[in-house]
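For reference, the structure discussed in these notes is given below.
Just so you know, ligand 1 is whichever comes first in the structure, and atom 1 is the first atom listed for that ligand.
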Amino acid sequence: MTLWSGRFDDAPSDVLWRYTASQTDRRLLAVDIRGSIAHVGMLADVGLISADEHAAIDTALHQLAADAADDTFEFLETDEDVHSAVERRVIELVGDVGRKLHTGRSRNDQIALDIRLYLLETSAIRRRQLTEFAGTLVELAQANADVIVPSYTHLQQAQAIPLAHHLLAYAWMAVRDRSRFESLDERMAVSPIGASASGGSSLPIDPYITAQRLGFPVVFPNSLDAVGSRDLVAEYVFCCTQTMVDMSRLSEELVLWATSEFDWATFGDAVTTGSSALPQKKNPDIAELARGKTAGAIGSLTSIMALQKALPLAYNRDLQEDKEHVFSVDDALGGTLEAITAMLASASFHPPRPSSWTMALDFAEVLVGRGVPFRRAHEAVGRLVSRLLADGRTLDDVNPDDLSAADELFESGDVALTDASESIRRRMSSGGGSFESVAQQIEALQRLLS
Ligand code: ARG
């Protein structure tokens with residue numbers, strides 16, 4: 001029997017049931033029970049049910065919570081959704097008094113509550129995972145303090161930098177990803193229960209009591225908004241998707257670094273895969289799948305935006321479809337953070353020395369230090385580069401004659417400017433790719449992550 005059979009002469013058809021009943025929301029079981037416990041508590045507080053009735057329903061709900069926790073709660077084909085299943089089971093356990101559970105509420109405010117409770121829980125898990133991910137990057141930065149790589153722009157070698165500086169860039173992104181989840185929590189922790197189906201109730205329900213029982217600091221100011229809006233679900237999907245995009249960028253690099261062409265890093269056997277055909281292969285599948293799963297996340301973000309765009313106030317059944325997107329993107333992120341962190345943690349780095357061309361800016365800046373306008377210094381070094389290229393030489397082969405031909409203010413000792421670690425040591429601008437900046441970043445990140 002459905003929750004709404006009274007008005008209907010005919011039973012629901014199989015086709016209706018197949019199309020409209022939801023199983024996706026079954027993972028909301030625990031939070032649905034939690035919300036129901038708070039709701040019946042409020043009903044007792046305001047005198048809508050007696051203390052005995054409250055005790056009976058509350059005991060049944062706690063029994064359901066235990067079943068949910070050890071995964072023994074049984075859903076039936078005839079349960080239209082998770083809310084129906086919980087109510088059905090409460091009535092089975094306590095009889096008629098269970099029919100008072102749904103007093104003063106609707107599945108519309110119930111689902112709005114469930115999704116908020118659920119996403120507050122997953123947000124805490126994702127934030128913990130991001131902390132762990134960023135912590136792994138900090139550890140790698142410390143363990144590879146002397147390793148030097150080129151920085152890139154346009155995927156062309158730019159300047160020599162500590163590898164740690166490159167790794168920590170991703171740690172900072174993760175810290176921002178984490179803070180996005182954190183600030184969303186504040187908006188998420190507004191209780192929608194008590195909005196009822198759309199316009200509230202004539203019964204003396206008290207949304208403040210239910211909110212307080214649930215630990216929500218704020219209560220909805222408008223019942224239509226409370227049941228009809230999914231902007232926060234969309235925002236959660238965005239938080240996940242942006243994090244996935246950041247993971248995908250890193251993954252692209254991990255794949256590049258593992259190539260024999262780049263050869264920056266080797267990843268552990270336990271976190272790479274082999275080929276069924278090519279015996280020599282060791283494939284960075286985790287990183288490739290992270291890139292691939294990001295495509296799905298972007299799809300979900302687009303879907304959740306489209307889902308909202310033409311909905312008249314307030315609740316519409318379209319909104320049932322938000323679950324599929326938010327669950328799949330959140331699952332993808334959870335799995336990705338776990339796998340990428342493990343893959344990264346196994347990395348051993350052995351990048352080749354950056355090309356000597358990455359020291360070209362050092363040559364220009366030494367002239368600037370001697371009073372040459374930067375544009376003139378840039379041209380002088382440009383001439384030097386072109387002369388060396390014409391001879392099939394690199395900056396490593398530069399000699400004092402090349403230098404004086406480029407600009408009279410070059411000194412013969414400037415040939416030593418091609419040392420990559422010296423180049424990094426000369427760098428002094430704040431937040432730049434220097435060893436001091438890396439040390440400062442590690443300290444700041446350790447504070448943020450502890
Ligand atoms: N399964 C619905 C959802 O996910 C719950 C609310 C259903 N409300 C209703 N009147 N059918 O949005």
Side-chain angles (χ1 to χ4, degrees), residues 1-8 10-13 15-36 38-39 64 68 73 75-90 99 101-122 188 190-201 205 207 210 220 223-237 300 303-331:
M1 194 154 82
T2 62
L3 299 175
W4 34 268
S5 56
R7 184 239 177 272
F8 290 81
D10 297 328
S13 66
V15 62
L16 170 108
W17 209 250
R18 269 198 305 278
Y19 196 67
T20 62
S22 171
Q23 301 196 348
T24 317
D25 63 4
R26 289 184 180 182
R27 66 163 88 190
L28 297 174
L29 179 63
V31 290
D32 194 80
I33 296 166
R34 186 139 64 86
S36 297
H39 178 70
L64 265 56
F73 183 94
F75 285 95
L76 305 181
E77 278 295 299
T78 45
D79 294 329
E80 188 179 9
D81 51 28
V82 67
H83 323 298
S84 317
V86 168
E87 190 172 326
R88 186 252 314 149
R89 187 70 190 126
V90 167
R99 299 185 198 279
L101 166 60
H102 209 54
T103 309
R105 77 172 178 185
S106 151
R107 282 181 295 170
N108 298 350
D109 56 348
Q110 204 177 342
I111 188 65
L113 172 66
D114 288 3
I115 196 68
R116 285 178 191 241
L117 288 171
Y118 182 85
L119 294 180
L120 282 165
E121 277 177 8
T122 50
M188 198 70 90
V190 174
S191 174
I193 190 79
S196 197
S198 69
S201 170
I205 55 168
T210 325
F220 69 95
S223 60
L224 300 181
D225 178 39
V227 296
S229 298
R230 291 296 181 273
D231 55 308
L232 298 181
V233 178
E235 205 177 333
Y236 189 91
V237 172
S300 288
S303 301
I304 199 93
M305 298 312 291
L307 186 63
Q308 305 168 76
K309 77 174 184 52
L311 292 185
L313 285 177
Y315 179 81
N316 297 271
R317 193 65 181 272
D318 313 41
L319 293 175
Q320 180 163 295
E321 294 293 305
D322 67 344
K323 255 65 90 213
E324 189 177 316
H325 301 299
V326 71
F327 292 157
S328 88
V329 72
D330 184 59
D331 287 347

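Heavy atoms of Gln110 come nearer than 4.0 angstrom to ligand 1 in no pair at all.
Of the charged side-chain nitrogens involved, at least one lies within less than 4.0 Å of a carboxylate oxygen, so that Arg27 and Asp331 count as a salt-bridged pair.
The protein non-hydrogen atom at the shortest distance from atom 4 (O) of ligand 1 is Lys323 NZ, 2.6 Å. Nearest protein heavy-atom contact of atom 8 (N) of ligand 1 is Asn108 OD1, 3.0 Å. For atom 3 (C) of ligand 1, the closest heavy atom belonging to the protein is Tyr315 OH, 3.2 Å.
The neighbour count for Tyr19 OH, taken as heavy atoms of other residues, nucleotides or ligands under 6.0 Å away, does not exceed 12.
For the side chain to side chain contact (heavy atoms under 4.5 Å, CB included) test, residues two or more places apart in sequence or in another chain that qualify with Ser328 are Ser300. Take Arg317 and apply the side chain to side chain contact (heavy atoms under 4.5 Å, CB included) test, not counting sequence neighbours, and it matches Thr20, Glu80, Tyr315, Gln320.
Panel note: side chain Ser229, backbone Asp231; no donor-acceptor pair is recorded below 3.5 Å.
Closest heavy-atom approach to atom 11 (N) of ligand 1 among the candidates Glu324, Arg107, Arg230, His83: Arg107.
An N or O contact shorter than 3.5 Å links Gln320 to ligand 1 by distance.
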